[in-house]
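Keep in mind that the numbers below use all heavy atoms, side chains included, and drop hydrogens, waters and symmetry copies. Everything quoted here is computed from the prediction, not taken from an experiment. One is the number of the first residue; the rest follow in order along the sequence.
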Amino acid sequence: MDRLLTPRESAKFIAENSRDVFIDSGGVRRVAELLLSKTSGPELGVEGWKALHELNPRAADEAAVNWVFLTDTLNFSFWSERDDRKCVVVYKERKYTGYWSLCAAVNRALDEGIPLTSASYYATVTLDQVRHIFRSDTDVSMPLIEERHRILNETGKILLEKFGGSFINCVRKSENSAQKLMNLIVESFPSYRDVTQFEGERVSFYKRAQILVADTWSVLEGKGDGCFTDISSITMFADYRLPQVLVYLGALKYSDELLKKLLKGEMLSYGDKQEVEIRGCSLWCVELIQDCLMELIEKKGEKPNGEINCILLDYYLWDYARDHREDMKGIPFHRTRCIYY
């Protein structure tokens, strides 16, 4: 079988062979300059994951790790067909959309006494129960609900069989290696196998597997079982929001043909050449932004609060995209319905 490129190798290869998506070096530098002012605050620190997001668990324990595993197992395809028709979950009098609607629904279920983060529960949860748990407060339901149900059953059974029903046992098997944990996740859980073909090569993005490693690191605050010596080997998480914000900030550019397609709202299927170029180039773009940011930090002679890596850049840029939604309205995101992101 052909060799499978890692996410970073895949991104470099795709960026070097891309025909419809391009990285703008001037834009890369401007984004690095924007990030430079954030290096001493919580926005680019591991503590920001808890400090800046009220739905994330406060604790750094096994229950919190199982919460992370559940949410990242279902962390895919939240985009709405129309801006005025969205799945909304109201939790503690606040409205949540997108990925946060999932987190709000999980917390709501736990408050209602549903043991949703327990593998023995979701290994046998029914479709009707899943529909109830992830019910929307509008008439637009959460996308791909049948897929979410199937993946919950499949993943719960594997977690019970292989890891004693708790994701912390999977984390411990990785021996404090982010790469080992990522590979263990991908080998053990089929829904995390985010792999496709590009120009004759087998390429991987592992968006959800990598975000699961990152969120485990974040929830455990980089300590104990969550102290991964190679955490900086994890790349950004190639989804549909990050490319949009990178185009908005001028670091990524689309060909006229691709831009026309996206403005029309045309769907790109998973593994489509242009879809792969968007994801690969956005991943490589963040690698270049990180390199440029480290150079700027060195020039200033300042020390950041902690390690600056692509995980923290992704977290920040994803939040930035949500905060600047109105400004970004003219910039289309690519529409791909799949379980991988």
Side-chain angles (χ1 to χ4, degrees), residues 2-29 31-32 75-77 79 178-179 182-183 186 192-214 232-259 261-262 266-293 309-311 313-315 317-318 321 331-341:
D2 297 341
R3 191 172 85 86
L4 174 61
L5 302 182
T6 67
R8 186 177 270 116
E9 289 168 342
S10 300
K12 185 172 190 286
F13 175 72
I14 293 162
E16 284 166 354
N17 293 279
S18 177
R19 288 179 203 155
D20 286 293
V21 186
F22 317 98
I23 297 168
D24 183 289
S25 53
V28 163
R29 190 174 178 82
V31 177
N75 184 357
F76 56 83
S77 203
W79 58 269
Q179 283 299 309
M182 182 187 77
N183 289 321
V186 171
Y192 281 91
R193 292 174 198 156
D194 182 8
V195 171
T196 189
Q197 298 272 342
F198 181 80
E199 296 291 353
E201 293 283 352
R202 290 174 73 231
V203 295
S204 66
F205 293 112
Y206 297 151
K207 182 262 181 180
R208 283 177 36 238
Q210 293 207 101
I211 207 167
L212 176 52
V213 175
S232 61
S233 67
I234 297 296
T235 71
M236 67 76 97
F237 323 120
D239 69 353
Y240 49 90
R241 281 291 173 218
L242 258 284
Q244 185 189 28
V245 74
L246 291 171
V247 171
Y248 172 71
L249 293 169
L252 214 56
K253 291 195 164 22
Y254 294 151
S255 69
D256 291 345
E257 183 209 334
L258 177 56
L259 192 57
K261 247 190 206 185
L262 300 181
E266 274 184 39
M267 291 276 279
L268 298 181
S269 55
Y270 177 78
D272 175 281
K273 193 168 179 304
Q274 290 174 326
E275 183 259 358
V276 173
E277 286 186 9
I278 291 170
R279 294 183 82 202
C281 290
S282 60
L283 200 160
W284 192 244
C285 185
V286 173
E287 292 286 322
L288 298 178
I289 289 166
Q290 190 210 13
D291 291 347
C292 189
L293 178 59
N309 57 39
C310 286
I311 293 170
L313 300 193
D314 184 296
Y315 284 167
L317 290 167
W318 193 83
I331 304 205
F333 63 88
H334 72 283
R335 293 165 179 258
T336 301
R337 271 278 177 242
C338 70
I339 64 165
Y340 299 110
Y341 65 97

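Taking the six-membered ring for Trp and thresholds of 30 and 60 degrees, Y315 and F237 have ring planes inclined between 30 and 60 degrees apart. Taking the six-membered ring where the residue is Trp, Y240 and F333 present tilted rings, their angle falling between 30° and 60°.
Side chains of R337 and S77: a donor-acceptor N/O pair is present below 3.5 angstrom, by distance only. For the residue pair S232 / N309, no side-chain donor-acceptor distance below 3.5 Å is found, with atom types taken as modelled. Between the side chains of S269 and E275, not a single donor N or O lies within less than 3.5 Å of an accepting N or O.
Residues A251 and V31 share a closest heavy-atom pair of CB-CG2, 4.0 Å. Smallest separation of non-hydrogen atoms from I234 and R8: O-NH2, 4.4 Å. Nearest heavy-atom pair across N17 and E277 is O-OE2, 4.3 Å. When all heavy atoms of T336 and L268 are compared, the pair lying nearest together is OG1-O, 2.8 Å. Scanning both residues, C285 and V28, for their nearest heavy atoms gives SG-CG2, 4.1 Å. Between D239 and H334, the shortest heavy-atom contact is O-CE1, 3.3 Å.
Looking at residues two or more places apart in sequence or on another chain, you find a side-chain contact (heavy atoms from CB on, under 4.5 Å) between C310 and V286, E287, Q290. With sequence neighbours left out, the side-chain hydrogen bond (donor to acceptor under 3.5 Å, both in side chains) criterion links S10 to no other residue. For D314, there are no salt bridge (charged side-chain N to carboxylate O under 4.0 Å, His left out) partners, not counting sequence neighbours. Partners of S233 according to the side-chain hydrogen bond (donor to acceptor under 3.5 Å, both in side chains) rule, which considers only residues two or more places apart in sequence or in another chain, are Q179. Every residue two or more places apart in sequence or in another chain that forms a side-chain contact (heavy atoms from CB on, under 4.5 Å) with I331 is listed here: Q244, V247, Y248. By the side-chain hydrogen bond (donor to acceptor under 3.5 Å, both in side chains) test, E257 is found to be paired with no residue, residues two or more places apart in sequence or in another chain being considered. Applying the side-chain contact (heavy atoms from CB on, under 4.5 Å) rule to Y192 yields the partners F69, D72, T73, I185, F189, R208, A209, L212; only residues at least two apart in sequence or on another chain are considered. For Y270, the ring pair (Phe, Tyr, Trp, His ring centres under 6.0 Å) partners at least two apart in sequence or on another chain are Y340. For E199, the salt bridge (charged side-chain N to carboxylate O under 4.0 Å, His left out) criterion is met by R19, K273, not counting sequence neighbours. Take R193 and apply the side-chain contact (heavy atoms from CB on, under 4.5 Å) test, not counting sequence neighbours, and it matches V186, P190. The ring pair (Phe, Tyr, Trp, His ring centres under 6.0 Å) search around F76 returns none, not counting sequence neighbours.
Taking CG of L317 as the start and CD1 of I289 as the end, the distance is 6.0 Å to the nearest 0.5 Å. The NZ atom of K12 lies 11.0 Å from the OG1 atom of T6; values are rounded to the nearest 0.5 Å. To the nearest 0.5 angstrom, L246 atom CG is 9.0 Å from I23 atom CD1. From L293, atom CG reaches atom CG of L288 across 12.5 Å, with rounding to the nearest 0.5 Å. Distance check, rounded to the nearest 0.5 Å: CZ of R335 to CE of M267 gives 8.5 Å. A distance of 8.5 Å separates CD1 of I278 from CG of L252, quoted to the nearest 0.5 Å.
Contacts classified as salt bridge (Lys or Arg N to Asp or Glu O under 4.0 Å) and involving residues 241-256 (residues at least two apart or in different chains) are given here: D24-K253.
For the pair Q210 (side chain) and M182 (backbone), a donor-acceptor distance under 3.5 Å is absent. S204 contributes a side-chain N or O that, together with a main-chain N or O of L5, makes up a donor-acceptor pair within less than 3.5 Å.
With contacts defined as side-chain heavy-atom distances shorter than 4.5 Å, the pair Y206/P7 qualifies. Side-chain contact check for D20 versus Y254: every heavy-atom pair is 4.5 Å or farther apart. Side-chain contact between V276 and F205 is present, with at least one heavy-atom pair separated by less than 4.5 Å.
Salt bridge present: R3 and E9 bring a charged side-chain N and a carboxylate O closer than 4.0 Å.
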